[in-house]
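To keep things clear, I will list the structure first and then write my remarks on it.
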Amino acid sequence: MNNALKHDALIIVGAGHAGGRAALTLREEGYTGRLILIGDEPHAPYERPPLSKGLLQGTADLAGCSLCDSTRLAELGIEHIAGNPVSRVEPQRHRLQLADGEWLPYAGLLLATGGRARRLPQEQANVLYLRTHDEALALRAALRPGTRLVVVGGGFIGLEVAATARGLGCAVTLLEAGPRLAGRVLPAVISHALLDLHRGQGVDVRLNVSLASIEADAVLLADGQRLACDLVVVGIGMQPNTELAAAAGLEVGQGIRVDAHLRTSVADIYAAGDVCEFRLAGQYQRQETWRNAEAQGRHAALTMLGRDVAFDAVPGFWSDQYDWGLQTVGVITPLTVSRVLPGAGLLLFYLDAEHRLQGACGWARGNSVAKDIKLCERLIITGRPLNEASLADPELSLKHMLRG
Ligand SMILES: Cc1cc2nc3c(=O)[nH]c(=O)nc-3n(C[C@H](O)[C@H](O)[C@H](O)COP(=O)(O)OP(=O)(O)OC[C@H]3O[C@@H](n4cnc5c(N)ncnc54)[C@H](O)[C@@H]3O)c2cc1C
């Protein structure tokens with residue numbers, strides 16, 4: 001941080017998960033200066049995973065998703081500016097402008113602007129998206145028993161919405177353009193398990209289909225089929241909010257590009273969370289996961305405080321659908337070993353050429369894979385070569401392997 005600017009604030013743009021976590025960490029780590037957290041949503045920072053699960057089911061509310069409420073922010077002396085997006089950053093003058101015109105000088109600036117749901121070109125009243133709390137509430141109000149819902153997109157958001165909507169008594173058709181569900185991030189065997197699960201729960205899943213158009217009461221497919229429906233939810237991915245950074249002259253690829261310390265290409269500006277493009281397993285990539293927002297939010301705060309540690313957290317994510325849970329940790333490699341779990345669950349291990357664990361993916365009823373995935377994370381960190389036959393044997397405990 002520039003010494004001449006020490007009297008100015010640390011500012012975080014984006015009051016989502018990564019931004020909220022960064023603000024909390026700065027205080028936990030002893031930063032006592034002015035700290036401003038700026039968001040464009042009207043809410044204090046909250047976590048998004050419940051939006052497609054508990055909040056959509058009606059079993060959770062905003063307070064249940066909260067990372068930190070307004071009272072706590074005030075107690076910690078974190079100035080939260082809500083519903084007033086940053087419209088411009090001027091790195092040379094170390095200042096930014098809010099949508100209402102006000103300029104704020106900064107000493108250090110964290111961009112944690114996340115992303116928004118990728119939208120179809122035309123806006124229509126019967127087409128809904130899911131990224132924010134308010135979008136989740138609108139969707140929840142529209143999902144009633146008997147609602148005929150078409151979900152466009154067989155990624156995690158689409159699949160979780162389909163599962164929740166079935167639980168609410170909706171008739172659900174799910175359209176996926178590719179040959180398998182969540183094919184971009186999941187191995188084929190898990191995609192197939194997801195397909196069986198959803199079809200078994202009564203979802204009409206259609207693969208390899210393309211959308212021609214959406215009418216007020218139907219979806220038209222490219223092959224001429226007409227699917228009558230009351231509502232369409234589009235889950236076709238996330239668009240990172242990089243415009244602010246690009247306009248300020250920061251290097252931007254698929255996200256705001258950072259070095260190993262989460263520093264952008266411009267001095268005193270950092271990035272974290274869904275919007276951040278960083279090197280993982282030798283390649284620039286973004287991670288759109290809770291775990292990444294949590295870890296990078298925290299790490300960016302430490303870097304802003306001058307701690308010189310590279311970011312090397314093990315990636316991972318989870319998804320809950322019906323009463324099944326999916327969890328992953330680490331990265332996928334070509335060498336895979338499978339372990340069949342009781343009750344038709346599955347644990348996949350990804351090894352490198354020296355048989356060291358690089359990643360794992362678990363699929364089982366309830367939350368039962370969580371323990372195995374935690375042990376896999378420890379095995380990844382240990383870096384000890386593992387025996388393929390032992391990994392495949394459900395009788396051999398991972399805890400035992402960890403002990404060596
Ligand atoms: C419905 C849903 C379900 C999910 N479920 C899971 C799950 O089960 N497991 C999992 O691992 N991950 C899940 N995720 C992903 C996880 O929630 C995200 O990776 C995480 O929220 C990213 O946090 P973030 O802070 O980077 O971005 P965000 O949470 O998007 O926060 C960024 C904030 O910045 C604001 N902003 C943008 N531009 C500006 C500006 N110019 N000025 C001010 N504010 C701005 C945005 O509006 C937003 O409020 C889910 C996501 C969604 C949407």
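Read the numbers this way: they start at 1 and go in the same order the structure lists the ligands and their atoms. Nothing fancy with the numbering, it's 1 onward along the sequence.
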- Task: Kindly identify the option in V161, V89, D40 whose heavy atom sits closest to atom 45 (C) of ligand 1.
- Result: D40

- Message: Quick test: of every protein heavy atom, which one is nearest to atom 52 (C) of ligand 1, and how far off is it to 0.1 Å?
- Response: I157 CD1, 3.5 Å

- Which atoms of ligand 1 sit under 4.0 Å from any heavy atom of G14? 33 (C), 34 (O), 35 (C), 44 (N)

- Item | Non-hydrogen atoms of T164 and L56 that approach each other most closely | CG2-CB, 3.8 Å

- Quick one: do the S319 and E160 side chains pair a donor with an acceptor below 3.5 Å? yes

- Query: So is K53 in contact with ligand 1, going by heavy-atom distances below 4.0 Å?
  - Reply: yes

- Hey, which atoms in ligand 1 end up nearer than 4.0 Å to a heavy atom of A112? 32 (C), 33 (C), 34 (O)

- Considering only heavy atoms from C-beta outward, does the side chain of I38 approach that of L96 to under 4.5 Å? yes

- Message: Could you check whether E388 and H355, counting side-chain N and O atoms only, form a donor-acceptor pair closer than 3.5 Å?
- Response: yes

- Distance under 6.0 Å and angle within 45° of ring axis: R119 vs Y129: yes

- Task: List every atom of ligand 1 that sits less than 4.0 Å from any heavy atom of A293, numbering the atoms from 1 in the order shown and giving each element.
- Result: 22 (C), 23 (O)

- Has V275 got any heavy atom lying under 4.0 angstrom from an atom of ligand 1? no

- Item | Shortest protein contact, atom 51 (C) of ligand 1 (heavy atom only) | R48 CB, 3.8 Å

- Task: Would you check, one step at a time, whether the test side chain to side chain contact (heavy atoms under 4.5 Å, CB included) holds for L26 with I12?
- Result: CA-CA 11 Å; L26 283 165; I12 299 168; 4.1 Å; yes

- Side-chain donor-acceptor pair present, H198, Y322, cut-off under 3.5 Å: yes

- Task: Grab the two heavy atoms, one from L110 and one from A300, that are nearest each other, plus how far apart they are.
- Result: CD1-CB, 3.7 Å

- N241 neighbourhood, listing ligand 1 atoms whose heavy-atom distance to it stays under 4.0 Å: 37 (C)

- Protein contact of atom 24 (P) of ligand 1 - nearest heavy atom, named by residue and atom, plus distance: A18 N, 3.9 Å

- Side-chain donor-acceptor pair present, Q287, Q285, cut-off under 3.5 Å: yes

- Message: Just to confirm my output: which protein heavy-atom neighbour is closest to atom 7 (C) of ligand 1, and how far is it?
- Response: W318 O, 3.3 Å

- Nearest neighbour in protein (non-hydrogen) for atom 3 (C) of ligand 1: S52 OG, 3.4 Å

- Message: Does ligand 1 come near enough to S319 that some N or O of the ligand is less than 3.5 Å from an N or O of the residue?
- Response: no

- Query: Under 4.0 Å from any heavy atom of I38, which atoms of ligand 1 are there?
  - Reply: 43 (C), 44 (N)

- Query: Which heavy atom of the protein is the closest neighbour of atom 27 (O) of ligand 1, given with residue, atom name and distance?
  - Reply: G114 CA, 3.3 Å

- A student checking ligand 1 against G39 at a 4.0 Å heavy-atom cut-off should list atoms 43 (C), 44 (N)

- Note on the structure: Closest to atom 13 (C) of ligand 1 by heavy-atom distance, out of P49, P85, G273, is P49

- Query: So which of Q327, E288, H17 gets nearest to atom 15 (C) of ligand 1, if we judge by its closest heavy atom?
  - Reply: E288

- In the protein, what heavy atom is nearest to atom 26 (O) of ligand 1, and what distance, to one decimal place, separates them? D274 N, 2.8 Å

- Query: Taking atom types as modelled and ignoring hydrogens, do the side chains of D134 and H43 form a donor-acceptor contact shorter than 3.5 angstrom?
  - Reply: yes

- Task: Consider only side-chain N and O atoms of H94 and D8, and report whether a donor and an acceptor are under 3.5 Å apart.
- Result: no

- Nearest non-hydrogen protein atom to atom 11 (O) of ligand 1, with distance, is W290 N, 3.1 Å

- Go through R279 and Q283 one step at a time and tell me if the side chain to side chain contact (heavy atoms under 4.5 Å, CB included) criterion holds. CA-CA 5 Å; R279 263 190 194 280; Q283 279 179 4; 5.8 Å; no

- Query: Out of T113, L326, T132, who gets a non-hydrogen atom closest to atom 39 (C) of ligand 1?
  - Reply: T113

- Message: On the six-membered ring of F278, is R286 placed so that its NZ or CZ lies under 6.0 angstrom from the centre and within 45° of the ring axis?
- Response: no

- Query: Quick check: does E41 get an N/O under 3.5 Å from an N/O on ligand 1?
  - Reply: yes

- For ligand 1, is any non-hydrogen atom under 4.0 Å from T289's backbone (N, CA, C, O), its side chain (CB onward), both, or neither? both

- Report yes if some N/O of V86 lies less than 3.5 Å from some N/O of ligand 1; otherwise report no. yes

